[in-house]
Amino acid sequence: MSVIVLGSGVIGITTAWYLARAGHEVTGIDRQSGPALETSFANAGQISPGYASPRASPGLPIKALRWMLQAHSPLAIGLDGSLDQWRWMWQLLRQCTPERYAVNKERMVRLATYSRDYLRTLRADTGIAYEGRQLGTLQVFSTAAQFDASTRDVAVLREAGVPHTLLTTGPALQGIKPAPNTSALVGGLHLPGDETGDYQQFSTRLAHMAQALGVRFQFDTAIDRLLTNQQEITGVRLAGGSVLQAQAYVMALGVMSPQLLQGLIKLPVYPVKGYSITAPITDATRAPRSTVLDESHKIAITRFEHRIRVGGMAELRGFDLSLRARRRLTLEMSLDGLFPDAADLPAATFWTGLRPMTPDGTPIVGPTPWRNLYLNTGHGTLGWTMACGSARVLADQICGRATDIRTDDLSVQRYITSTTTIPAAPSQASTGST
């Protein structure tokens with residue numbers, strides 16, 4: 001079967017890979033000059049099934065109000081004037097109950113754990129190298145409230161069979177070498193099965209391997225619109241006017257997915273802005289061995305071979321990509337507070353990107369009311385964590401094979417009312433160049 005994959009970030013690249021491995025004729029399209037140059041470029045670099053959690057959690061509304069008064073808040077909201085932003089925030093607030101949190105956490109951990117297992121298989125089969133480390137993740141808590149709240153996550157981890165250890169300050173926390181500065185910490189959660197690595201290196205090298213399997217990538221190619229009849233997608237019109245056609249289409253354009261699907265599917269994916277710095281290591285004995293998660297600032301500190309990447313925070317500002325100096329200060333403060341003198345902060349590069357996030361935190365993966373259109377988008381901050389699993393699930397669905405895990409609650413159907421039917425669609429869904 002011929003398949004067009006729209007998007008060549010880590011989600012699009014892994015989707016192309018697994019489809020090609022299944023014997024399909026795959027074409028990938030992306031407006032950038034190469035793979036993984038937008039959201040996938042400089043994220044935190046963690047593969048953390050155990051840390052897979054929805055932003056929408058009990059207590060988030062109160063926390064958000066308190067954060068607004070902090071200079072180094074992990075959350076900021078700048079109204080973009082769109083109805084989509086208000087609708088998305090309202091949908092997120094509706095997920096902030098203990099019951100919804102438990103449901104969303106379970107399915108995120110389910111997909112993330114499955115994905116990590118397929119990443120390990122991929123690594124064993126291909127030998128792909130990306131500065132990977134398999135040394136676990138340490139989440140650190142600076143308040144008793146944070147430590148107490150972790151018991152909710154631990155219950156889900158226990159049920160899912162995810163290895164974990166709750167740690168307190170003292171010998172237990174100091175046993176994670178090199179230990180973070182524990183003077184202001186009350187405890188931690190160690191997840192030994194988590195991994196780290198360079199997101200963009202992985203995506204680029206897997207794209208080259210996919211090309212060796214016959215995948216054709218069309219970079220520097222803007223997409224204008226999808227062409228349709230009343231039941232299916234009939235083609236992709238490019239910005240230059242030419243049309244590409246296939247038997248199936250996969251939407252993996254991250255934050256641009258809703259724009260391209262306008263008039264076809266109302267997709268609740270909103271751009272949540274994050275930041276990172278990447279600094280050269282100056283003292284390896286002071287640097288973390290893997291990833292440490294700073295719960296107070298919602299920041300991940302990840303060790304590469306000769307660099308440390310510090311990433312996180314969430315801003316709701318539409319498609320704004322400006323770099324804010326205060327955000328860099330927050331990232332530097334987190335690293336210097338936990339691992340002082342480990343990196344050359346003045347030499348750090350500063351980056352921002354837009355994470356495609358759903359209100360419930362779970363990505364949208366699977367078929368749609370349009371019989372040859374599939375979605376693989378909305379992974380938020382967990383794109384790499386869930387990439388291989390999402391791509392494998394989608395490849396199985398396109399091939400008509402049974403999936404290894406439950407997937408009915410991953411599709412867009414959870415956001416579509418029971419009365420929704422395939423629309424009497426116009427011949428085109430116009431969005432402007434994407």
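Note that the structure is predicted; figures quoted are calculated from it, not measured.
- Scanning all heavy atoms of the two residues, the minimum distance from Leu191 to Pro163 falls at CD2-O, 3.8 Å.
- Atom CG of residue Leu261 and atom CG of residue Leu6 lie 9.0 Å apart, to the nearest 0.5 angstrom.
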Check residues 311-327 and write down every donor-acceptor pair under 3.5 Å in which the side-chain atom is one partner and the other belongs to a residue at least two apart or another chain.
residue, atom, partner, partner atom, Å
Glu315, OE1, Tyr275, OH, 3.0
Glu315, OE1, Arg317, NE, 2.9
Glu315, OE2, Tyr275, OH, 3.2
Glu315, OE2, Arg327, NE, 2.6
Glu315, OE2, Arg327, NH2, 3.3
Asp320, OD1, Ser322, N, 3.2
Asp320, OD1, Ser322, OG, 3.0
Asp320, OD2, Lys273, NZ, 2.9
Asp320, OD2, Ser322, OG, 3.0
Arg327, NH1, Ser73, O, 2.4

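- In this structure, a donor-acceptor pair under 3.5 Å is absent between the side chains of Thr302 and Thr196.
- Here Glu25 pairs with Arg216 under the salt bridge (Lys or Arg N to Asp or Glu O under 4.0 Å) rule; sequence neighbours left out.
- Residues satisfying the salt bridge (Lys or Arg N to Asp or Glu O under 4.0 Å) test with Asp409, not counting sequence neighbours, are Arg110, Arg406.
- For Asp344, the salt bridge (Lys or Arg N to Asp or Glu O under 4.0 Å) criterion is met by no residue, not counting sequence neighbours.
- Rounding to the nearest 0.5 angstrom, the gap separating the CD1 atom in Ile299 from the CE atom in Met333 is 6.5 Å.
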Using residues 346-354 as the side-chain source, report each donor-acceptor pair under 3.5 Å to any protein atom, sequence neighbours left out, with the distance given to one decimal.
residue, atom, partner, partner atom, Å
Thr352, OG1, Gly274, O, 2.8

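- Using modelled atom types, one finds a donor on one side chain and an acceptor on the other under 3.5 Å when comparing Gln85 with Tyr270.
- Between Gln46 and Thr137, the side chains place no donor N or O within less than 3.5 Å of an acceptor N or O (distance only, hydrogens not considered).
- Between the OG atom in Ser411 and the OH atom in Tyr374 there is a gap of 12.0 Å [rounded to 0.5 Å].
- Ionic pairing of Lys266 and Asp84 is present here: one or more N-O contacts between side-chain nitrogen and carboxylate oxygen are shorter than 4.0 angstrom.
- For Asp198, the salt bridge (Lys or Arg N to Asp or Glu O under 4.0 Å) partners two or more places apart in sequence, or in a different chain, are Arg307.
- Under a 4.0 Å N-O distance rule, the pair Arg392/Asp396 qualifies as a salt bridge.
- Looking at Asn104, its side chain does come within 3.5 Å of a backbone N or O of Arg100 through a donor-acceptor pair.
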